[in-house]
Undergrad: 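Structure incoming, see below.
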Amino acid sequence: MQTTPNVQAYRAGLLTFHADPAFSERAHSWYEDGLLIVADGKIQAAGDWDKLRDTLPPDTPVTDYRGKIITAGFIDAHIHYPQTDMIASPAPGLLPWLEQYTFPTERAFADPAHAAGVAEFFLDELMRVGTTTALVYCTVHPQSVDAFFTASEARGLRMIAGKVMMDRHCPDFLCDTAERGALESEELIGRWHNHGRSQYAITPRFAPTSTEAQMELAGALARKYPDTYLQTHVSENEDECKWVQQLYPNARSYLDVYDHYGMLRPRAVFGHCIWLDGEDRARMAETKSAAAVCPTSNLFLGSGLFDFEEADKAGMPMALATDVGAGTSFSMLQTMNEAYKVARLKGSYLPALRMFYLSTLGAARSLHLDGTIGSLAAGNEADFIVLDPQATPLLARRTARTESLEEMLFALALLGDDRVIAATYSAGKRVHQRES
């Protein structure tokens, strides 16, 4: 017996991407008066209201968001949920910041109840700022991963996360062993990877906190489970780069350390990528390894400026990311704001369309999830957000004077924050509605 699909319809301006605006003149579609049709958690159609309205089944309710913009939910390519409670902690640089704030904060995640409480708050924040998928670092504690996925699955979210692997140069209370880290990671893969909308990321924190034995085992897991993700940090800070050179003197570069252990591959995402050279960038492009660009974090810690122009020349996959808690906002709009300024300081320019692409379809492509999320294409999971150009008095005044879509999006990126997100939908279900 065939069941009737549960159809929902939404009327608004619709923005969706098909390609990277930096390399294609037909990268996006914009329907000023659009209709989005969703059935059973997936997108059925998106286009002009006048062309699609007659295709709706009789008596289908239409949620009226006219005056607002619907686009795919934001995707955050690098974020630490255990660092929620230590966001905006002062320190003179990355390494002292880790010692003084990060490690002591992560210690509490040995307690499953604490981990669960932070996970709930963290996911509330993501929904509030319009982020429907994130690539998430947990702690060394397996229970931190269990708590996170339990909370995300209860909400029906598509999330990627993993247990940090760390067996040296960290406090005893967080120090794993190479063998235990690999064993627990493999158990977590079995428990959570491709379970519902959850996917697992093998997560060596960064080369300095893993012995060669742990790096070998992490690389072996990456080869054994090629459809999992791998996430770590690379070339974030000059002092960190010097430290890696001392620890791995035979490596050509910091990135080459990971390459040696077989960690460069599709679904590998490297946070920061500031101090790469041309050979590193070419190698990332060749292996389809992606960069997670974290502008608020890099500015906060004084780590450096990502070079968008050189990354584009090399053809590196990349996505924007918040990197909370070194990042200073959960909002991808605030992240776009800082990414624009970083690009200007490096002598290049990021149009608003490009920034929205890097936070939606570009991120999905970096995660090899295009065709699943990241756009309003038919068949995709119905993860989308509703943007309000009149969310604040200043935005309303500025957007009333915009003369193009680019101007409108630029105002949202430079002046917007969580207040712009009128509603967030995951798999067709509303998971956040802004209070009036």
Side-chain angles (χ1 to χ4, degrees), residues 17-20 22-23 72 75-79 133-137 158-163 165 182 185-186 188-190 192-195 197-207 215-235 253-273 276 278-294 306 311-321 357-375 377 379-381:
F17 290 94
H18 320 293
D20 188 337
F23 302 103
I75 300 168
D76 188 339
H78 182 108
I79 188 168
T133 292
L135 184 55
V136 180
Y137 285 68
R158 179 166 290 285
M159 289 286 159
I160 310 164
K163 161 196 153 63
M165 303 171 75
S185 295
E186 189 163 27
L188 289 162
I189 290 169
W192 293 111
H193 187 56
N194 292 330
H195 184 277
R197 300 184 80 203
S198 300
Q199 293 174 287
Y200 194 81
I202 299 160
T203 309
R205 185 178 212 117
F206 69 150
M215 296 287 276
E216 287 276 8
L217 290 171
L221 281 175
R223 290 187 293 275
K224 185 175 180 180
Y225 299 100
D227 71 329
T228 60
Y229 291 85
L230 185 142
Q231 62 179 348
T232 190
H233 302 75
V234 70
S235 298
S253 67
Y254 190 165
L255 184 75
D256 189 51
V257 175
Y258 297 115
D259 203 2
H260 174 77
Y261 294 105
M263 296 185 195
L264 271 64
R265 63 163 175 78
R267 299 194 175 204
V269 180
F270 293 86
H272 306 290
C273 299
L276 302 183
E279 192 170 334
D280 289 330
R281 295 187 185 97
R283 184 65 182 141
M284 287 192 69
E286 179 186 0
T287 58
K288 298 181 172 60
S289 303
V293 184
C294 308
F306 183 84
D312 280 338
K313 284 180 184 177
M316 280 171 55
M318 60 180 167
L320 293 183
Y357 167 81
L358 291 172
S359 303
T360 56
L361 181 60
R365 286 180 165 180
S366 293
L367 297 172
H368 295 262
L369 283 174
D370 47 318
T372 301
I373 57 172
S375 77
N380 271 11
E381 295 170 351

Undergrad: Hey, does Leu135 have a side-chain heavy atom less than 4.5 Å from the side chain of His78?
TA: no
Undergrad: Can you list every salt bridge (Lys or Arg N to Asp or Glu O under 4.0 Å) pair that touches residues 215-234, not counting sequence neighbours?
TA: Glu186-Lys224
Undergrad: Do the side chain of Tyr258 and the main chain of Gly219 share a donor and acceptor less than 3.5 angstrom apart?
TA: no
Undergrad: Taking Arg265's backbone N and O only, do any of them form a donor-acceptor pair with Ser289's side chain (distance below 3.5 Å, no angle check)?
TA: yes
Undergrad: Working note: Cys273 + Met284, criterion side-chain contact (heavy atoms from CB on, under 4.5 Å); need CA distance, chi angles, decisive distance, verdict.
TA: CA-CA 10 Å; Cys273 299; Met284 287 192 69; 4.0 Å; yes
Undergrad: So which heavy atom on Gly162 is nearest to which on Gln231, and how close?
TA: N-NE2, 4.0 Å
Undergrad: Measuring from Ser359:OG to Phe17:CZ, what's the distance to the nearest 0.5 Å?
TA: 9.0 Å
Undergrad: Identify, with sequence neighbours excluded, every residue that meets side chain to side chain donor-acceptor pair (under 3.5 Å) alongside Ser253.
TA: Asp280
Undergrad: Heavy-atom distance under 4.5 Å between the side chains of Val257 and Met263, does that happen here?
TA: no
Undergrad: Is any side-chain heavy atom of Leu230 closer than 4.5 Å to one of Leu221?
TA: no
Undergrad: If only atom types and distance count, is the side chain of Arg281 paired as donor or acceptor with the main-chain N or O of Met316 below 3.5 Å?
TA: no
Undergrad: Within the 4.5 Å heavy-atom criterion, are Arg267 and Tyr225 side-chain neighbours or not?
TA: no
Undergrad: Quick check: does any side chain N or O of Thr203 sit under 3.5 Å from a backbone N or O of Tyr137, one acting as donor and the other as acceptor?
TA: no
Undergrad: In Å, rounded to the nearest 0.5 Å, how long is the span from CG of Asp76 to CD1 of Ile160?
TA: 11.0 Å
Undergrad: Kindly say whether Asn194 contributes a backbone atom to a donor-acceptor pair with the side chain of Tyr200 at under 3.5 angstrom?
TA: no
Undergrad: Do side-chain atoms of Thr133 reach the backbone of Met159 as a donor and acceptor pair under 3.5 angstrom?
TA: no
Undergrad: Measure the spacing between NZ of Lys288 and CZ of Arg365 and express it to the nearest 0.5 Å.
TA: 13.0 Å
Undergrad: Could I get the full list of ring pair (Phe, Tyr, Trp, His ring centres under 6.0 Å) partners for Tyr229, not counting sequence neighbours?
TA: none
Undergrad: Out of curiosity, Ile189 CD1 to Gln199 CD, how far, rounded to the nearest 0.5 Å?
TA: 12.0 Å
Undergrad: Which residues pass the ring pair (Phe, Tyr, Trp, His ring centres under 6.0 Å) test with Phe206, sequence neighbours left out?
TA: none
Undergrad: Which atom names give the shortest non-hydrogen contact between Leu276 and Ser235, and what distance separates them?
TA: CD2-OG, 3.6 Å
Undergrad: Can a side-chain donor-acceptor contact be found between Glu381 and Thr372 if the only test is distance below 3.5 angstrom?
TA: no
Undergrad: Is there any salt bridge (Lys or Arg N to Asp or Glu O under 4.0 Å) pair reaching into residues 253-264, and which pairs are they, with sequence neighbours excluded?
TA: Asp259-Arg283
Undergrad: Can you tell me how far the NZ atom of Lys163 sits from the OG atom of Ser185, to the nearest 0.5 Å?
TA: 5.5 Å
Undergrad: With a 4.5 Å cut-off on side-chain heavy atoms, are Leu369 and Arg158 touching?
TA: yes
Undergrad: Going by the rule side chain to side chain donor-acceptor pair (under 3.5 Å), which residues pair with Asn380 if we only count those two or more places apart in sequence or in a different chain?
TA: Ser375
